[in-house]
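Notes follow once the structure below has been shown.
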Amino acid sequence: MRIDVALVPQEIEGKNLEHITAIVIDVLRASTCIANAIANDCDGVIPTVSVEEAMDISKAYARDDYLLCGERKNEKIDGFDLGNSPSEYGRDRVQGKKLIMTTTNGTRAIRTAKTAPDVIIGGFWNISACCELAATLNRDILIVCAGQNGRFAMEDTICAGGFAKKLSALTGAVIEETDGCRTARLLYETLHERLEEALSESAHGRNLIKGGFGEDVKVAARTDYVGVVPVFRDGHIMAIDASRNAKVHA
Ligand code: MLT
């Protein structure tokens, strides 16, 4: 088993990932929102690449059964039900609902990895649970950072380094000596003891704080806060129970 890191989704565009487990990371904030929604028993998340696609898909559902979610320029989209703050994805809002979601980088990155048989959505919130599941799948692993508009994002890269180290410890897998992997590993080793500060210092973290979303940056640094593993298969993100590798919420 080998572990590699793509620092931006563009590295994997057009690549066939059919023998690979992909782990997509968008710490600020899509991965964290999805982990919270899945932990609060939503009826799955459909990641879309545009507002138009989200609206189109919603037409297949009764109005009470779905929520339109996501952001553009960090803010809730006009006419949508939820923005992209983890606190919006509480049980009272999401339980039993299908979430149709579009975010600037996160949902796009998930879709870019779609040729992988399993696309795990991970962040600090569920890092251990995701690694446990990925280890049981027994394939090479590609960790994909969602990045920021095609550019490297520090918060995703730190988290990717944490995933690589944990996965290697769990499975004995070799961490590739690519620049992406080395950068991720070194960043994690340097910053893992002050994650909240590191996230706040990242370009997107600063931008979110400036926009009044400082609490989102703070909560995204929580580690192993939930035990759910959201997995994207056949167009839907659903919960997988890492210990049993079984679907628990369709
Ligand atoms: C994204 O997908 O680009 C992010 O989740 C943006 C955000 O912080 O809302």
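Order of listing sets the numbers, starting from 1, for every ligand and every atom in it. What you are looking at is a predicted structure, and each value in this text was computed from that prediction instead of being measured. Residue numbers run from 1 in the order of the sequence given.
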Close N or O approach (Asp26, ligand 1; < 3.5 Å):
yes
What atoms of ligand 1 come closer than 4.0 angstrom to any heavy atom of Ala30?
5 (O)
Do any N or O atoms from the side chain of Arg185 and from the backbone of Gly180 form a donor-acceptor pair under 3.5 angstrom?
no
Got a sec, which pairs hit ring-ring contact (aromatic ring centres under 6.0 Å, His included) with one end in residues 149-168, sequence neighbours left out?
none
Check this for me, if you would: do Arg29 and Asp26 make a salt bridge, where the nitrogen-to-carboxylate-oxygen distance has to be below 4.0 angstrom?
no
Around atom 6 (C) of ligand 1, find the nearest protein heavy atom and jot down its residue, atom name and distance.
Glu71 OE2, 3.4 Å
Suppose we measure from atom 3 (O) of ligand 1 to each protein heavy atom; which comes out shortest, and what is that distance?
Asn105 ND2, 2.7 Å
Which pairs pass ring-ring contact (aromatic ring centres under 6.0 Å, His included) with one or both residues in residues 214-234, sequence neighbours excluded?
Trp125-Tyr225
Do Arg222 and Glu196 sit within salt-bridge range, that is, some charged N less than 4.0 Å from a carboxylate O?
no
Should you measure from each heavy atom of His204, which atoms of ligand 1 turn up under 4.0 Å away?
6 (C), 7 (C), 8 (O)
Any idea which atoms of ligand 1 are less than 4.0 Å away from a heavy-atom of Asn84?
4 (C), 5 (O), 6 (C), 7 (C), 9 (O)
